[in-house]
**Student:** 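Here you go, one structure.
By convention in this document, chain letters (A, B, ...) are assigned in the order of the sequence lines, proteins followed by strands, and residues within each chain are numbered from 1. Everything numeric in this text was worked out from a predicted model, so none of it was measured.
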Protein chains: 2
Amino acid sequence: MNQTLDEVARRAGVSTATASRALRDLPSVRGETKERVQRVARDMGYVISPSASTLASGRTRTIGLLTPWVNRWFFSNVIEGAEKGLRQVNFDALLYTFHEAPGQPRNRVDPQVLRKRVDGLLILGMQLDEDEVLSLESLELPMVFVGPGHLRHPTVGIDDFAVAQMIMAHLEECGHTRVAHIAGPDLEQFDNSPSAGRHAGWKAWQEERGRPCDDTWYHYSSFDRTGGFESAMLLLDTHPDITAIFAATDDLAIGAIQAAQARGLHVGTDIVIAGVDDEDLAAYLGLTTVHQNPREQGQQAAEMLLAAMGGQPAPLVTFGEISLVERASSGRNTVRLVN
Amino acid sequence: MNQTLDEVARRAGVSTATASRALRDLPSVRGETKERVQRVARDMGYVISPSASTLASGRTRTIGLLTPWVNRWFFSNVIEGAEKGLRQVNFDALLYTFHEAPGQPRNRVDPQVLRKRVDGLLILGMQLDEDEVLSLESLELPMVFVGPGHLRHPTVGIDDFAVAQMIMAHLEECGHTRVAHIAGPDLEQFDNSPSAGRHAGWKAWQEERGRPCDDTWYHYSSFDRTGGFESAMLLLDTHPDITAIFAATDDLAIGAIQAAQARGLHVGTDIVIAGVDDEDLAAYLGLTTVHQNPREQGQQAAEMLLAAMGGQPAPLVTFGEISLVERASSGRNTVRLVN
DNA sequence: CTGTTAGCGCTTTCAA
DNA sequence: TTGAAAGCGCTAACAG
């Protein structure tokens, strides 16, 4: 009933060291011995003590998952993907959230609580300031970013400029030239943010064609439906001749749809609206959008982090796949529920 | 630069044992000594080694968070609440997910991977069979359930029978007697499921008043919008004289709304639909529902688990608050977006 | 390929 | 109220 390595070793008739090696499947153990030890351990129902192993080896087989929220489509899916990727190789994920309420500033990231606890960091969708990044770097742990990235560290995300251009090309095809943009509020704070990339894609498209894209043609307030609503209202006030709106996310687009409806505009005919994400709601509402797969991005990020912890270099930037989904909000598919 | 307790002790001029006691704020240390040690530790930026502490004490200060999904409204909010409650007392949450895709059977819960890793278990929304519960109990760890509970263990949830009665009373008030029900697919597998409680509440209400509630008056397939859509279609086929539908969750209700619209029925006038949850979407779609707060339930459950790990007895059943939210789908509020 | 041995950094008796 | 010392269960040289 003494579930220790020593006991496994004793029963298998080997030393503790050999038992340890056998269970870790090190190549330096004779096949037969290895199997015997593993069988004995299995029969005993032996499980390793992670704390003892960590203490002796210095490796925790645990990563820290830093995220602003878990209750949002993008993040919860990234988390699921990452957890799956880690679990496959028996790594644990320690969850650290940094936001309590939308609209509130988040807690600062404190590297101390991470110290001696994890072998690596997966940082989701957080706009860290330079001090925070430096403090995290002081931990000397591999880290991988998802979403807003960092120049010095591997980042998984999507090509936000391409996303914007994909949407704009679609709108062009639909005959729209007076296209306003709703951005995320982090647009001007961080130039590595998705908001910045999407705004840049929109602006470049319009500029190259001599179309309206001055500062009155885009707007942002908060990063949710309310923000989308407000921005759309304002843009429609300023430019009643807008024929299309490209919103940086589906949530913002949904707010914009509400605004259009409040104005008595029929979405898909009177005005065209497109978002980015293809979250569950998008199909339901008939929202034209750019599809991305945060679950895969999470798994990908986990694999990159695993590789980095294994000493292998990871590419600095990895793009997830994106694809255009044409729906009723751009007038393309009449099977829809948008009013 | 040697960030150990020994070093703290040396600098504070005390023994390792005293330093350990001081940092854990044990009462057996003289106030002055305690402060000195704590100050030294702070100045050094000392952080304890969790693995060493765990190895020596047998306590991990970590709990296992078992959940089918993280990407669903209810679960992600429970997780956020729980994580917050745990973080406040410096406990870590280890995430274990058990579903990859909706509709697929989940992985079985394996107690071995939890062994020696956690001090307690928070089990979210999982329908465990008796074997699984027994195997978890073999870990001899306190556990708290959220959602579908267990007779032998503390459970946080809502009073599902009351939820149903609350909705039914509202529908009654609106003049509905021919009320069909859409249940969750776990209705008949487990009698402790929310689906079972809500179904029972519906059935009791109808039965007591001599109203239709035989087996053709409720239906279920899958636990998502598609399931709600299918069930509603079927119910409307069987009983074209239905005037209201009570769906066990908002997601099911949303599917039912689609079905009604597909039939050319105007929701709120031709037919009334109500759900349960009050997830984000409900307000957006104007869905009448029963509000619950999974975030608070998660935090509550974390506190109960903490108490249980501290040896304090926890109540076997704790109900979260619920309240009726009347919206357009039951004809009560014309500010709405439902078609 | 295998065994011996010395820790990893704490907590916890036990004694003072 | 404090200290000395014995582990907790494993890994990692090092030796053989």
**Student:** Let me know the distance between CG of A:Leu26 and P of D:dT11, rounded to the nearest Å.
**Tutor:** 9 Å
**Student:** On the nucleotide D:dC10, are OP1 or OP2 found under 4.0 Å from the side-chain N or O atoms that A:Ser49 carries?
**Tutor:** no
**Student:** Could you give the CZ-to-P distance, from A:Arg59 to D:dG9, as a whole number of Å?
**Tutor:** 21 Å
**Student:** Report the distance from atom CD1 of B:Ile48 to atom P of C:dC10, rounded to the nearest whole Å.
**Tutor:** 6 Å
**Student:** In plain terms, say whether A:Asp25 and A:Lys34 are close enough for a salt bridge, that is, a side-chain N and a carboxylate O under 4.0 Å apart.
**Tutor:** yes
**Student:** Would you please say whether a donor-acceptor pair under 3.5 Å links the side chains of B:Ser20 and B:Arg24?
**Tutor:** yes
**Student:** Base, sugar-phosphate or nothing for A:Ser28? Non-hydrogen atoms, less than 4.0 Å.
**Tutor:** base
**Student:** Which residue lies toward the 5' end of DNA chain D, A:Arg21 or B:Ser15, if each is placed at its nearest nucleotide?
**Tutor:** B:Ser15
**Student:** Considering every strand and a 4.0 Å limit on heavy-atom distances, what is the contact class for A:Thr33: base, sugar-phosphate, or nothing?
**Tutor:** sugar-phosphate
**Student:** What's A:Arg24 touching, base or sugar-phosphate or nothing? Going by heavy atoms closer than 4.0 Å.
**Tutor:** sugar-phosphate
**Student:** Using whole Å, report how far CZ of B:Arg30 lies from C1' of D:dT1.
**Tutor:** 8 Å
**Student:** Whole angstrom is fine here: how far is it from NZ in B:Lys34 over to P in D:dT2?
**Tutor:** 10 Å
**Student:** To the nearest angstrom, how far is A:Tyr46 atom OH from D:dG9 atom C1'?
**Tutor:** 7 Å
**Student:** It should be established whether B:Thr4 places a side-chain nitrogen or oxygen under 4.0 Å from OP1 or OP2 of nucleotide C:dG9.
**Tutor:** no
**Student:** Could you tell me the separation between the CD atom of B:Gln3 and the P atom of C:dG9, rounded to a whole number of Å?
**Tutor:** 11 Å
**Student:** Please report the distance, rounded to the nearest Å, between CG in B:Leu5 and P in C:dC8.
**Tutor:** 14 Å
**Student:** Does the pair B:Glu140/B:Arg115 count as a salt bridge with the N-to-O cut at 4.0 Å?
**Tutor:** no
**Student:** Check whether the side chains of A:His153 and A:Glu137 place a donor and an acceptor atom closer than 3.5 Å, and report yes or no.
**Tutor:** yes
**Student:** What is the nucleic acid contact for A:Pro50, judged by heavy atoms within less than 4.0 Å: base, sugar-phosphate only, or nothing?
**Tutor:** nothing
**Student:** Taking for each residue the nucleotide of DNA chain D with the nearest heavy atom, is it B:Pro27 or B:Ala56 whose nucleotide lies nearer the 5' end?
**Tutor:** B:Pro27
**Student:** Pairing donors with acceptors under 3.5 angstrom, does anything connect the side chains of B:Thr18 and B:Ser15?
**Tutor:** yes
